[in-house]
Protein chains: 2
Amino acid sequence: MSDLLERLRGRGWRMTAQRRVVAEVLDGEHVHLTADEVHARAVVKLPEISRATVYNTLGELVTLGEVIEVTTDKRAKRYDPNAHQPHHHLVCAGCGAIRDVHPSGNPLADLPDTERFGFTVSDVEVTYRGLCPDCAAAA
Amino acid sequence: MSDLLERLRGRGWRMTAQRRVVAEVLDGEHVHLTADEVHARAVVKLPEISRATVYNTLGELVTLGEVIEVTTDKRAKRYDPNAHQPHHHLVCAGCGAIRDVHPSGNPLADLPDTERFGFTVSDVEVTYRGLCPDCAAAA
DNA sequence: ATCCTATATTGGACATTGTCCAAGTCAAGT
DNA sequence: ACTTGACTTGGACAATGTCCAATATAGGAT
């Protein structure tokens, strides 16, 4: 994702220190941070960055399709920079750990027309839940 | 779900006016209400019921497995009384309408062992997203 | 029928997550 | 370097949910 900044600049994004820092924080394939976690890490590199800017920037990245918004639980939304390879999520009910997973099959194709109620279905999000090895051992 | 109250009593639930009202509000197969919507409807039947009690009662019903907690978006959790027939959800990205759907196939079986990372996977939640006929027409 | 007590309810303070806005700041084109 | 529209800021506000000490009550025991 090191070329993210380039892609964004190419799309007419104005490059600012704040946006650069947010993009850097999200760098990595298997990160699932909340907005406040992103902010906390951004502050280390750019102490005066505001929460509002982090929220704005994350929202823009989502709109641009560079980052996926994941709502695995009732708590905060999480931001997943692994937006260019379709995948789903496996969440630990104990500690909240999240792994990217790639189920076989195509859930979209598994929804018959009779179950679509005239909707234009464009996307499917699959969340597996269970216990990670550590939490299973503790239980 | 008219026998819900009986089932709960059998499980040692203390029956109170508040709990009865919450159960009545949830009655029905295709309801997906937020906690505050449940509260609003409960207040009609029992004006002095408090928000805290509605939250408590919903939480208990979820724990007992009588109601499913659905988090389709970043907004409020929704409570689905259709807990005894496995199903998934189709959500309109425009207006938020929710339909119960029954995809063919078994998503749980679609997650290979190599993609489980040692987790004990117990559940899968599939959320289809798209536009309902009305919102598609408006777009 | 009445009493007792564990359990449930209440309301309001508090916490978390997120949105909004007016004022100030700055990137980047000219 | 200037200018300008886009970006950032901080703080107020909103929505959702949690927690707690005080009060009330369901349902078994008497």
Side-chain angles (χ1 to χ4, degrees), chain A residues 5-25 32-43 45-64 66-80 96 98, chain B residues 4-25 32-43 45-64 66-80 96:
Chain A
L5 292 178
E6 282 314 308
R7 276 205 303 281
L8 294 174
R9 197 192 301 271
R11 295 221 221 169
W13 233 39
R14 193 145 122 189
M15 194 46 54
T16 67
Q18 290 83 352
R19 287 173 169 181
R20 202 161 12 239
V21 165
V22 169
E24 281 171 20
V25 167
H32 301 89
L33 300 172
T34 65
D36 270 347
E37 285 166 354
V38 172
H39 180 238
R41 299 192 185 195
V43 161
K45 302 180 179 221
L46 186 64
E48 67 277 23
I49 192 172
S50 72
R51 265 181 6 111
T53 295
V54 170
Y55 276 95
N56 287 343
T57 304
L58 288 172
E60 288 156 12
L61 288 170
V62 169
T63 299
L64 292 172
E66 294 290 347
V67 162
I68 291 174
E69 211 171 66
V70 183
T71 56
T72 55
D73 58 26
K74 61 288 183 179
R75 314 275 275 93
K77 285 180 279 194
R78 292 179 173 275
Y79 293 88
D80 183 344
I98 301 179
Chain B
L4 170 60
L5 293 178
E6 281 314 309
R7 274 205 305 279
L8 294 175
R9 197 193 302 271
R11 293 222 222 167
W13 231 40
R14 194 145 123 187
M15 194 47 53
T16 67
Q18 290 82 353
R19 287 173 169 184
R20 203 162 11 240
V21 165
V22 170
E24 282 171 20
V25 167
H32 302 88
L33 300 173
T34 65
D36 270 348
E37 284 166 354
V38 171
H39 181 238
R41 298 192 187 196
V43 161
K45 301 180 180 221
L46 187 64
E48 67 277 22
I49 193 172
S50 73
R51 266 181 3 112
T53 295
V54 170
Y55 276 95
N56 288 343
T57 304
L58 289 172
E60 288 156 12
L61 288 170
V62 169
T63 299
L64 291 172
E66 294 290 346
V67 162
I68 291 174
E69 211 172 65
V70 183
T71 55
T72 54
D73 57 28
K74 61 287 183 181
R75 314 274 276 93
K77 285 180 279 195
R78 292 179 174 275
Y79 293 88
D80 182 343

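We name chains A, B, ... by the order of the sequence lines, and we start the count at 1 in each one. None of the values given here were measured: they were computed from a predicted structure. All values below come from the heavy atoms of this structure, side chains included, with hydrogens, waters and symmetry mates left out.
In the interface, the side chain of A:Arg51 is paired with the base of C:dG18 through a donor and an acceptor atom under 3.5 Å apart.
Note that the OG1 atom of A:Thr16 and the CD1 atom of A:Ile49 stand 7.5 Å from one another [nearest 0.5 Å].
Nucleic acid contact for B:Thr16: sugar-phosphate only, since backbone atoms but no base atoms lie under 4.0 Å from a heavy atom of the residue. Counting non-hydrogen atoms under 4.0 angstrom, A:Arg75 reaches the backbone sugars and phosphates but no base. Nucleic acid contact for B:Ala76: sugar-phosphate only, since backbone atoms but no base atoms lie under 4.0 Å from a heavy atom of the residue.
Atom CD in A:Glu69 sits about 12 Å away from atom C1' in C:dT17, given to the nearest Å. Remark: C1' of C:dT17 and NE2 of A:His39 are 13 Å apart, rounded to the nearest angstrom. Atom CG of B:Leu58 and atom P of D:dT18 are 10 Å apart (whole Å). Here the P atom of nucleotide D:dT16 and the NZ atom of A:Lys77 are 13 Å apart, to the nearest Å. Following rounding to the nearest Å, B:Arg11 (CZ) and C:dT7 (P) show an atom-to-atom distance of 17 Å. Nucleotide D:dA15 holds its C1' atom 8 Å from the CG atom of B:Asp36, rounded to whole Å. A straight line from CZ of B:Arg9 to P of D:dG28 spans 10 Å, rounded to a whole angstrom. One interatomic measurement links the two molecules: CH2 of B:Trp13 to P of C:dT7, which rounds to 15 Å at whole-angstrom precision.
Listed nucleotides D:dT8, C:dT10, D:dA26 differ in distance to A:Asn56; the shortest reach to its side chain belongs to D:dT8. Of all nucleotides listed (C:dC20, D:dG17, C:dG18), D:dG17 comes nearest to the side chain of B:Tyr55.
For the pair B:Leu61 and B:Arg19, the minimum side-chain heavy-atom distance is 4.5 Å or more. Counting only heavy atoms from C-beta outward, the side chains of B:Arg75 and B:Thr34 never approach each other to under 4.5 Å.
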* Carefully, step by step, assess B:Val38 and B:Tyr55 under the rule side-chain contact (heavy atoms from CB on, under 4.5 Å). => CA-CA 9 Å; B:Val38 171; B:Tyr55 276 95; over 6 Å; no
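Ion pairing of A:Arg11 with A:Glu66 is present here, as a side-chain N (NZ or NE/NH1/NH2) and a carboxylate O approach within less than 4.0 Å.
Each of A:Ile49 and B:Thr34 was assigned the nucleotide of DNA chain D with the nearest heavy atom; the assignment lying further toward the 5' end belongs to A:Ile49. Closest-nucleotide positions on DNA chain D for B:Arg14 and B:Arg78 were compared, and the one nearer the 5' end corresponds to B:Arg78.
Residue A:Ser50 has no polar side-chain atom (N or O) positioned under 4.0 Å from OP1 or OP2 of D:dT8. Neither OP1 nor OP2 of C:dT25 sits under 4.0 Å from any side-chain N or O of A:Gln18. Contact annotation: B:Arg19 reaches the phosphate of C:dT9 (side-chain N/O to OP1 or OP2, under 4.0 Å).
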